[in-house]
Amino acid sequence: MALRVALVTPFAWSQPHDVNEHVGGLARELRARGHTVTVLAPSNRARELAAGRRALAAGIGDAELVALGPAVPISRRSRIGVPVGIRANLAVALATGGFDVVHGFEPGLPSLSYVALRDASALTVATFFSPERLSYPPARTRRERLLGRLDALLATSEPTAEAAAERFPGSYELVPAGVDLELFAPGTKRQLLVLEWRQTERPLLRALARELAAQPDWDLVVLRTRPLGSRPPVPRALRGRMRVRTALDGPARAEVLREAAVFVPAVDGVRRVELEARAAGAAVASPPGRALQPELAAAEAARLIEDEQFRARRAAEGLERARNEDFAALADRVTAVYTAVTARRRVRAPRPPLDDRDWIVADLHMHTTWSHDCSTEVDDLLDHAEAEGLGAIAVTDHNVFGGALEAAEKAGGRGLVVIPGEEVKTGGQGEVIGLFLTEEIPRGMSFAETVEAIRAEGGLVYVPHPFDRLHSIPDAATLQRHLAEIDIFEVYNARLLFEGYNDEAVRFARKYNLTAGAGSDAHVLQGVGTGAVRMRRFEGPEEFLVSLRSAEILRRPKSLAYLQGLKWVAQAKERVR
């Protein structure tokens, strides 16, 4: 299945960057597989910015690159937010692009990719590259907000996955960094050793100089792979045999690495460069413990220089490894991830044809005196609901079923349908409402066990206030594991303190094509009907679900302070009695 994919990088597309090389290679391979891929990125090139404005005005279409605005400096210590203009352009791109998947890179930084993943209504994937680019510690709300949006977590190395999991807990899948095997195809080798330079690794350069002093036929190239890096000193023993090259992108590095026989990476170097050296057929000297003892790398490099068979064997092993980590292998893994996450989205059920059944207003979440924190008598609730013009209510007391049974019995002969339900507290995984129940469900079970118990009674699984972080709620991983078992997802709860929590629920339901529900969560009579749905009249759970697919969410909020004050007054009166 061909997908529309947005790849979002926070780094300037106009400047060389290892993350952008990963993104560019992945984009090419995905397009070769028939997907439509648009890279969303900042840029400092006037030509790309002008083309980006035209693409945004035209609705993205098949644009391969949309530059959203000028780049700003990014680091884990940065407090610079994404500029308002870029945020606005990103919002337009996400709204008009029609993307099936939004894939953000290095979202651990306060950057464009984080904002894209946070605001996207599409399925989302995140890739982490480097532990050094993870802001720490992330704010709790920022971490939870991001994790609540993500469908898959990827990392390009085990250390990165471990570091990312400390900040953003979850299950990470490793993917290749990606390398262009054609660009880095091995060339004619000569007696050349290439060292990736870092200012902090002067001891390694001195150790290599001592080893090369005994090898007069070998030359040394010191490779600067990061901008603004210091220039290395030239050891006296290597004068005339040492060159310094600055190579910030793949094509520039390929010129050097294709003819290199031995490559020594920097301890904190660009991981991609080591992979490129392997693809170019260079023997890589990177022994364990070299971070503390740079002489170890120099000694291994000396052995590679002296032992041609060992050098050839090491080069062949590296080349085979690189062939398993090229951009084609990267695209294969990422495509499998996309397929898995898109499978979570339910096939949108056709809207049922409108028949001659009446339209009614239904409040799907409310409480009676059977709940420990409510003083609304069942008779008063039924009378008030009818007076408010409601056609159906769901009585969902906390961890008890008696109030629902009493309401259902007393509603006989009225023009009001009562759906018997219960709001069940799980064992540390939030609350779940069962609708159309016949028996009480005990509290304290796991989310999965509670869902299973509701299903066993022929009931419907209704997830209330799923993102209200002021209460106990299921985490994102729990929701995603049980997507197929959720019958109704509450997208509007009238008692939430922050409307943003309802907005998150709306986004989540749209992303996975979940059937939306709404309720007042009323604990006092004055709150009944403040959240509801307008739907066709129904009989039984099957017709209820069918009718709910074409329902309209009704928001009739009242002052939360007023309603909460009434609740506290009622509770105080109960305590006096």
Side-chain angles (χ1 to χ4, degrees), residues 117-119 121 124 138-151 153 167-171 344 364-367 371-374 394 396-399 421-435 441-454 459-512 514-523 527 531 553 555 557 560 564 567:
L117 293 173
R118 185 196 65 188
D119 295 346
S121 295
T124 53
R140 175 174 172 268
T141 54
R142 182 168 172 262
R143 180 181 66 246
E144 291 178 348
R145 193 172 294 154
L146 182 62
L147 288 174
R149 302 286 198 275
L150 294 179
D151 296 287
L153 294 163
R167 291 131 171 108
F168 303 99
S171 177
R344 296 176 183 171
L364 304 181
H365 184 177
M366 63 181 62
H367 300 271
S371 288
H372 67 280
D373 56 352
C374 180
T396 56
D397 286 314
H398 293 292
N399 307 304
E422 179 186 351
E423 187 170 9
V424 186
K425 182 84 167 182
T426 67
Q429 295 173 305
E431 294 174 312
V432 184
I433 287 178
L435 298 180
I441 294 175
R443 64 178 296 173
M445 297 188 294
S446 69
F447 192 97
E449 291 169 335
T450 304
V451 167
E452 184 179 355
I454 294 171
L460 299 180
V461 177
Y462 179 108
V463 178
H465 42 68
F467 295 103
D468 180 12
R469 298 184 182 90
L470 300 181
H471 295 85
S472 174
I473 57 174
D475 58 26
T478 298
L479 289 177
Q480 290 172 354
R481 279 197 305 272
H482 296 282
L483 281 173
E485 299 156 320
I486 296 173
D487 296 304
I488 307 122
F489 202 73
E490 189 173 72
V491 301
Y492 181 69
N493 181 299
R495 286 188 68 243
L496 299 194
L497 180 60
F498 298 111
E499 190 59 27
Y501 296 154
N502 282 325
D503 294 339
E504 286 190 57
V506 170
R507 183 183 289 107
F508 193 91
R510 286 175 179 170
K511 177 192 281 192
Y512 298 108
L514 300 177
T515 301
S520 64
D521 198 0
H523 286 66
I553 303 298
R555 300 184 178 217
L560 185 58
Q564 191 66 25
K567 175 185 172 183

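- G531 and A494 make their closest contact through N-CB, 4.0 Å (heavy atoms, listed as atom of the first residue, atom of the second, distance).
- Shown here for L479 and P474, the closest heavy-atom pair between the two residues is CD2-CG, 3.7 Å.
- For H398, the ring-ring contact (aromatic ring centres under 6.0 Å, His included) criterion is met by H367, H372, H523, not counting sequence neighbours.
- Residue V491 is tested with V506, N502, D503 for a side chain to side chain contact (heavy atoms under 4.5 Å, CB included); the sole match is V506.
- The CD atom of Q480 sits 7.0 Å away from the NZ atom of K511 when rounded to the nearest 0.5 Å.
- Counting heavy atoms from C-beta outward, F498 and L470 have side chains that approach closer than 4.5 Å.
- N399 contributes a side-chain N or O that, together with a main-chain N or O of K425, makes up a donor-acceptor pair within less than 3.5 Å.
- Contact record, G527 with S520: O-CB, 3.1 Å, taken as the closest heavy-atom pair.
- The structure places CD1 of I553 at 10.5 Å from OH of Y492, a figure rounded to the nearest 0.5 Å.
- Tested against V461 for a side chain to side chain contact (heavy atoms under 4.5 Å, CB included), the candidates I433, V432, I488, L435 yield a single pass: V432.
- Of the inter-residue distances, the one linking F508 atom CZ with I486 atom CD1 reads 6.5 Å to the nearest 0.5 angstrom.
- Between A505 and F489 the shortest heavy-atom distance is O-CE2, 3.7 Å.
- Side chain of E490 to backbone of H465: a donor-acceptor contact under 3.5 angstrom is found.
- The shortest non-hydrogen separation linking A476 to L147 is CB-O, 3.4 Å.
- Relative orientation of the H365 and Y462 rings is perpendicular, given thresholds of 30° and 60° on the angle between their planes.
- Atoms CG and CD, on D397 and E422 in that order, are 8.5 Å from each other to the nearest 0.5 Å.
- Separating the CE atom in M445 from the CD atom in Q429 is a distance of 11.5 Å, to the nearest 0.5 Å.
- Inter-residue side-chain proximity for E499 and R555 is flagged as met; some heavy-atom pair is nearer than 4.5 Å.
- Panel note: side chain T124, backbone R149; a donor-acceptor pair is recorded below 3.5 Å.
- When every heavy atom of E431 is checked against every heavy atom of P464, the shortest pair comes out as O-CD, 3.4 Å.
- Atom CG of D475 sits about 9.5 Å away from atom CZ of F447, to the nearest 0.5 Å.
- Atom CZ of R510 has 12 or fewer neighbouring heavy atoms from other residues, nucleotides or ligands inside a 6.0 Å radius.
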**OP:** Start with the C-alpha distance between D487 and T515, add both sets of side-chain angles, then the distance that settles side chain to side chain contact (heavy atoms under 4.5 Å, CB included), and finish with yes or no.
**Re:** CA-CA 7 Å; D487 296 304; T515 301; over 6 Å; no

